[in-house]
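Just below is one structure, and these are the notes that go with it.
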Amino acid sequence: MPVKYTTNTARLIDTVNVEDAEGLLEWLQTQKKPKVNLSACSHLHAANLQVLMAAKPVISAWPKDMELAAWLKGALDTR
Amino acid sequence: MNPPLLEQFILEAREFLQAIGEKLIVLEEAPDSVELMTDLFRLVHTLKGNSGLFEFPEMTRVLHAGEDLMEAVRDERVPYSRELADRLLDAMDFVGLLLDEIERTGRIEPGHAAPAEELARALRSLIPGAEAAQNAGQNRPNAVTAPEEVPLPALADIPEAARLAAFRSAVSGKPLFLIVYRPEEQCFFKGEDPFHQARHIPGIVWGKALARAPWPPLVELDCYRCLLDFHLLAAAPRGEIEEHFRYIPEQVRIEPIMPFALIIPQGLPNGGTVYDDSVAEALEFLDQNDLAGLEAATRKLLELSAPELWLSSALLWLLALIESAPAEREVMRRLIESLNTLTPPDLSDLAHRETVPAAAPTEEVPTPKAAFPDEDRARLAAILAAQAEILALPDDVDWLPGRLKACAATLAACLTGLGDDAAEVEEALAAALEARAAQPLREWLAAFLEGFASAPAETETAPIAIQGEAKPKFGRRAEDTQSGKVLKVDQAKVDRLMNLIGEMVVAKNALPYLANLAEKRYGVRELAREIKAHYAVINRIAEEMQDAIMQVRMMPVSFIFQRFPRLVRDLSRKLGKEVELVLEGEETEADKNIIEVLSDPLIHIVRNSIDHGIELPHVRTAASKLATGRLVIRAMHESDRVIIEVSDDGRGIDPVIIKRKAYEKGVIDEAQLERLSDQEAINLIFAAGFSTSETVSDLSGRGVGMDVVHSVIDKVGGTVELQSTVGKGTTLRLSLPLSMAVTNVMIIESDQRIFGVPMDLVGETVRVPLADIRTIKRRKTTVLRGRIVPLVALNDLLGIAAEPKANEDGELAVLVVRLGGQQVGLLVDDFREVVDVILKPLPGELAKLSCYAGTALLGDGSVLLVLNPKEFF
């Protein structure tokens, strides 16, 4: 299971596949203040990426993979 | 060597191209012919389909566009026009070019993606509303702007660190590209991951994913409609980047970036004049050519400034320049001067110039020569090549000076056209005239051509250069020198040749008779010897001819083997079994007819092996075997036979069960049940109407199959052997003649007539004393090696009213023939030699006489009737 959902945090683990996007989107829709932990994530399918970009959840931890972290910060940090 | 399937594709594709070209030409004459148009569409369509089997996206793309266009023409949405034909022909020439490349290297260079895209667009542009149609075809309901129209991101938006890194790699010689990648909305359904694609672009320096439009509220978001754009900065050769996007070239825009364009200092402005001193100082360092001093001063200033300042940013760039492009004084000067104004330096005039110390990324810089149109360039190259040819002619002719002058005039005109000075040509001409030799002019031209040829590669970007080189080849169909290495010949012609050679073999056999005749009847010994010597020569040639024609008809068994991996995979999946398929000896060759005949029986056998032979994984593990069954299909040559073995390590065939089943089905009676040996029992599966499987599956077990296999193999003169050990597995061994052209027959004599019997049916020849022949129920029998063999007189079978003749010792000649596991003795008068003959089936009405397999001509000119003993009983 590449995405683990706890009370208000989704943990993305290893490679998150295209099939997971729907579940992630549904989960994000139901949460009031969703958090996403990316620390163990090595890649996520573009569908997941756009879900995160659209939902703008709080990112509680960025990926350890520096290159992926740079990508995601560029896409998700909308400051 | 390409895989056979690819070989075949290339062969067929060439034929298709040829046919398409022909049809297009004919269409010019008869543009209204619906039939031609439909044919043409079908050809393009099939070719496209075939190309899709392989990884040739460029080819498929062009053909797809061609297909769309043809469809529009067929549906009369687009009228046929000469321009349309031209574009289609161009596209087909391009496909031909790709084919050449595939044949040579087995793949297509990624550089062809751009021309392919261009051709496809040119084709589509002829279809009215093509864009819309294309979008619809690609499941893009909302017309998405093509990447060409997507604005490039502003360089200033790229983070400074990324720009600095890009600048450093760019000045160290790597071409730099800014890429906009706009995946199509439905791309997720095609299994694409644009993010992955973007992350792994070669030479990535920076990348950003952004929303194509503001995001809709979450509840309305369709997470499977891709709304992302990617902006990428990559330092890698264009070819590599194109290769990366070769499946989706229409979704990316790749633009070269000049390194200096990246120099955009950013930050908070802060007091200007404070830095006046520093600026003056820095400029001084620069004037004195003291880079070390400049660097030290810059670093010091940088330490003093807050990092978020515009100044710091500019200083960082200055440092980067000093480190990686120390020769760029003018750029440094402007950058330093800009410190005064705190506005980005205007480098636009320099931006298009090459960075000086860079190794040689010469690609981006356009030079006047590049502006020279490609077509003219090709023409010019042709002219120059012609001059070179003229100059290469021998010098020893009276009109040499005239020739030289003519050449020089042509060359001078070319040079003027190019905007070059023609003085060099004049000099070379003078030298040549003096020496009365073309040498000086030739040398000059060679040197010039070298420069000329290398020029476009340097001045144009890579893919265009490739296209440029390809241009002359790309050209027209008329001068197409595609010389086929493969000749496709109607099989009937080969068969005719084979028959003729066969007759020649027979005719040559008459020579020894003639030699005998010369010696014996006319007593001319010398002549006899001469004839024999000539016979030896003709014999050798005839045998070689026979061998050669056999080779023509030979085909490797891989032709039928290649479908097995798929078959085995599908079958085993369906039955829940695990099967490992091993193919051996795929290169073994046999006659085309034999190979074709083999195909269906082999499928039956493989099906049987998987269905009945190999057990389910849990059964196998219980029997302490590997869960994965092993199916080996092996082909090999054995003297003049080709052997195909299919063996599995499954449950084997249990003779007890076979016997019981055979008895239940009435294939054998009770007496046979007791008498049959295990091997004989196993052979019962070849009996008609026999099936061992408890349940009839849709794969096999309907009781047709093995008997069909047997009869088919039998028909071409092959044999089937079956070996099986219970619990260990089954091996089926098919033995087939290499070729059906020559048949080995034994000649027998009966009532002073001669007949042939195919050797593969002959078991043995014995002479049986009359005393050993007994009559059981009015039928003659004898005992051979402890077995009772029924005897039948050939004369009786053929309706010849004569008794078999015994020899002086009172023995009868018995030809024992094997008929489906049984042995029958044919009583004949005498045995003669065994010969190779070309067996010809009986013509017309006579073909209904099934007791004859056919006729053959013998060396002495007589006709031999070859019997078919299988039909006697």
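Chain A is the first sequence line, chain B the second, and so forth, proteins listed ahead of strands; every chain is numbered from 1. Everything quoted here is computed from the prediction, not taken from an experiment.
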Review point. Of all residues at least two apart in sequence or in a different chain, which pass the side-chain hydrogen bond (donor to acceptor under 3.5 Å, both in side chains) check with B:Arg569?
Key: none
**Study point:** Between B:Leu210, B:Ile204, B:Leu218, the one whose heavy-atom pairs under 4.5 Å with chain A are most numerous
**Key:** B:Leu218
Check your understanding: Which one, A:Val18, A:Val51, A:Leu28, leads in non-hydrogen pairs under 4.5 Å with chain B?
Key -> A:Val18
Exercise for review: Work out which heavy atom in A:Leu72 is nearest to a heavy atom in B:Phe195; give both atom names and the distance.
Suggested key: CD2-CZ, 4.3 Å
Check your understanding: Looking only at heavy atoms, which two atoms of B:Leu228 and A:Ala46 are closest? And how far apart?
Key -> CD1-O, 3.6 Å
Are there donor-acceptor pairs under 3.5 Å across chain B and chain A? List atom names and distances.
unit_1	atom_1	unit_2	atom_2	d
B:Glu192	O	A:His45	NE2	3.0
B:Asp193	OD1	A:Ala46	N	2.9
B:Asp193	OD2	A:His43	NE2	2.7
B:Arg199	NE	A:Glu67	OE2	3.2
B:Arg199	NH1	A:Ser42	O	3.0
B:Arg199	NH1	A:His43	ND1	2.8
B:Arg199	NH2	A:Asp65	OD2	3.3
B:Arg199	NH2	A:Glu67	OE1	3.2
B:Lys208	NZ	A:Gly74	O	2.7
B:Leu218	O	A:Gln29	NE2	2.8
B:Cys223	O	A:Gln50	NE2	3.2
B:Tyr224	OH	A:Val18	O	2.7
B:Tyr224	OH	A:Glu19	O	3.4
B:Tyr224	OH	A:Glu22	N	3.4
B:Arg225	O	A:Gln50	NE2	2.7
B:Leu227	N	A:Gln50	OE1	2.8

Check your understanding: So which part of A:Leu24 gets closer than 4.5 Å to some heavy atom of chain B, the side chain, the backbone, both or neither?
Key -> neither
Review point. Got a sec, which residues hit side-chain contact (heavy atoms from CB on, under 4.5 Å) with A:Ala70, two or more places apart in sequence or on another chain?
Key: none
Check your understanding: Partners of B:Ala116 by side-chain contact (heavy atoms from CB on, under 4.5 Å), sequence neighbours excluded?
Key -> B:Glu58, B:Val62, B:Phe94
